[in-house]
2 protein chains.
Amino acid sequence: MTDQPLELVVRASHEISLLTSDRITEALEELRLTLATAHALWAIDPAEPAPSMKVLADRLFCNAPNLSFLVNQLVERGYVARDVDANDRRSRVVVLTEEGRRVRERVMRVTLEQSPFAGCEPEELSRLAAILQRVLDRTGPRPSTRPARGGSERTG
Amino acid sequence: MTDQPLELVVRASHEISLLTSDRITEALEELRLTLATAHALWAIDPAEPAPSMKVLADRLFCNAPNLSFLVNQLVERGYVARDVDANDRRSRVVVLTEEGRRVRERVMRVTLEQSPFAGCEPEELSRLAAILQRVLDRTGPRPSTRPARGGSERTG
DNA sequence: GCGATTTACTTCGAGACTCGAAGCAAGGAC
DNA sequence: GTCCTTGCTTCGAGTCTCGAAGTAAATCGC
């Protein structure tokens, strides 16, 4: 009865995430990051406009106080800076520093290398990507870690 | 450059896990569980022989002190009990109580319902299951949350 | 048998994460 | 200008996680 595909998929997906987290923890320590701060750093794509605290909190499924804490960690380590948004002076945007960009690249590289998905054939990976993309699209648009390639996003 | 399938897959998979966690948190509170304790409860399949603390810790990617803490939580809530393993009196096996079985069922049901994967067509789900199973198989056998259907496991 | 080592687990203390409540400053309605 | 809302921060409490140290049982070497 444990063999229904949905259960297998949910468990496998979760297991793969945990395994990946477990494998990268050591490398993250060298970068003075934890899983939480590394995830926050990952969520700031230098190719996109700098996200506000609120946007970032939504991306990370966490609340404002928690994000303040995480960003403080990154600021202390010199990986990001806070800027006041000129269009709304209540809002602070989080900007990667030069070193932050480098460290973020390293986090991504290590994570992709260590992921069990790294062992997939390109063809298998493409099928997987297509399915997962569809699944995410169906859940309704998220505050975008992944900015919708053909997208209608009006980021300014 | 963000479009390579591996990155998309790793991010999507992680995102889906987080989204699922976020969605079930409220329901778990009613069961007096957190994500960590719910995960521990999930990892104890009543159809398999009761796992030792060590086996359970391996399944959850956590260490011994942490597992002690989690099992204590579950014991306090009446969902599991510790038994001394007759074959090795150093070892304690974790056994679901009657209520523990019921609560575990509920955790699984809620999680599967709330998972973004729940929206997949059966055919899509099967393809996904096949791929993920292959990915996990390639990473080497884990201490088994998922006991290898055709398996050669000698559980005694 | 008996001591030394290893293994399974627990306790303890510290650090990291997360949240709700409360507070502050800026924007918007009127 | 006043009231309300929004974005963020600070604070305090609770949860999670780990390493270090300790206990008990098993195993090894003899």
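- Checked against salt bridge (charged side-chain N to carboxylate O under 4.0 Å, His left out), B:Glu30 has no partners two or more places apart in sequence or in another chain.
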N/O donor-acceptor pairs under 3.5 Å from side chains in residues 60-70 of chain B, not counting sequence neighbours:
from: B:Asn63; atom 1: OD1; to: B:Asn66; atom 2: N; distance (Å): 3.2

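- Here the P atom of nucleotide C:dC17 and the CG atom of B:Leu35 are 16 Å apart, to the nearest Å.
- Listed nucleotides D:dC16, C:dA8, C:dT18 differ in distance to B:Lys54; the shortest reach to its side chain belongs to C:dA8.
- Looking at the side chain of B:Met53, the nearest of the listed nucleotides C:dC9, D:dT10, D:dT15 is C:dC9.
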Using distance only, find each side-chain donor-acceptor pair of residues 111-118 of chain B under 3.5 Å and give its atom names and separation, not counting sequence neighbours.
from: B:Thr111; atom 1: OG1; to: B:Val107; atom 2: O; distance (Å): 2.7
from: B:Ser115; atom 1: OG; to: B:Phe117; atom 2: N; distance (Å): 3.0

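- One can place CG of A:Asn72 at 14 Å from C1' of C:dT18, the figure rounded to the nearest angstrom.
- In this structure, CG in B:Leu8 is found 10.5 Å from CD in B:Glu15, a value given to the nearest 0.5 Å.
- With sequence neighbours excluded, the residues forming a salt bridge (charged side-chain N to carboxylate O under 4.0 Å, His left out) with A:Arg90 are A:Asp88, listed by chain and number.
- Rounded to whole Å, atom C1' of D:dC18 lies 15 Å from atom CG of B:Leu60.
- End-to-end axis angle of the helix from C:dG1-D:dC30 to C:dC30-D:dG1, using five pairs per end and rounding to 10°, comes to 30°.
- Listed pair A:Asn66 / C:dC17 fails the phosphate criterion, with no side-chain N or O lying under 4.0 Å from OP1 or OP2.
- Rounded to an integer number of Å, the gap from B:Leu67 CG to D:dC18 P is 11 Å.
- In this structure, CG of A:Asp85 is placed 13 Å from C1' of D:dT6, rounded to the nearest angstrom.
- Note on residues 70-84 of chain B: no pairs pass salt bridge (Lys or Arg N to Asp or Glu O under 4.0 Å), not counting sequence neighbours.
- Straight-line distance from the CG atom of A:Leu18 to the P atom of D:dC16: 15 Å, rounded to whole Å.
- Distance from the side chain of B:Ser91 is smallest for C:dA8 among the nucleotides D:dT17, C:dA8, D:dG7.
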TODO: Apply the test side chain to side chain contact (heavy atoms under 4.5 Å, CB included) to residues B:Ile16 and A:Val10: give CA-CA distance (whole Å), side-chain angles for both, the deciding distance (0.1 Å), then the verdict.
DONE: CA-CA 9 Å; B:Ile16 289 170; A:Val10 170; over 6 Å; no
Please list, for nucleotides 22-27 of chain C, all pairs of protein and nucleotide N/O atoms separated by less than 3.5 Å.
from: C:dG27; atom 1: OP1; to: A:Arg89; atom 2: N; distance (Å): 3.3

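- Cluster partners of A:Val95, by chain and number: A:Val93. The rule joins Ile, Leu, Val, Met, Phe, Trp and Tyr whenever side-chain heavy atoms lie under 4.5 Å apart.
- Applying the salt bridge (charged side-chain N to carboxylate O under 4.0 Å, His left out) rule to B:Glu26 yields no partners; only residues at least two apart in sequence or on another chain are considered.
- Contacts classified as ring pair (Phe, Tyr, Trp, His ring centres under 6.0 Å) and involving residues 13-41 of chain B (residues at least two apart or in different chains) are given here: A:His14-B:His39, A:His39-B:His14.
- With C:dT10, C:dG20, D:dT9 as the choices, the nucleotide that has an atom nearest any side-chain atom of B:Ser68 turns out to be C:dT10.
- Computed from coordinates, the B:Gln73 CD to D:dC16 C1' distance equals 9 Å when rounded to whole Å.
- In this structure A:Arg102 satisfies the salt bridge (charged side-chain N to carboxylate O under 4.0 Å, His left out) test with no other residue, sequence neighbours excluded.
- Within residues 75-82 of chain B, the residues having any heavy atom closer than 4.0 Å to DNA chain C are, in order of number, B:Arg82.
- At least one donor-acceptor pair closer than 3.5 Å links the side chain of A:Ser21 to the backbone N or O of A:Ser17.
- A straight line from CG of B:Asn63 to C1' of C:dT10 spans 12 Å, rounded to a whole angstrom.
- Nucleic acid contact for B:Ala64: base, since at least one base atom lies under 4.0 Å from a heavy atom of the residue.
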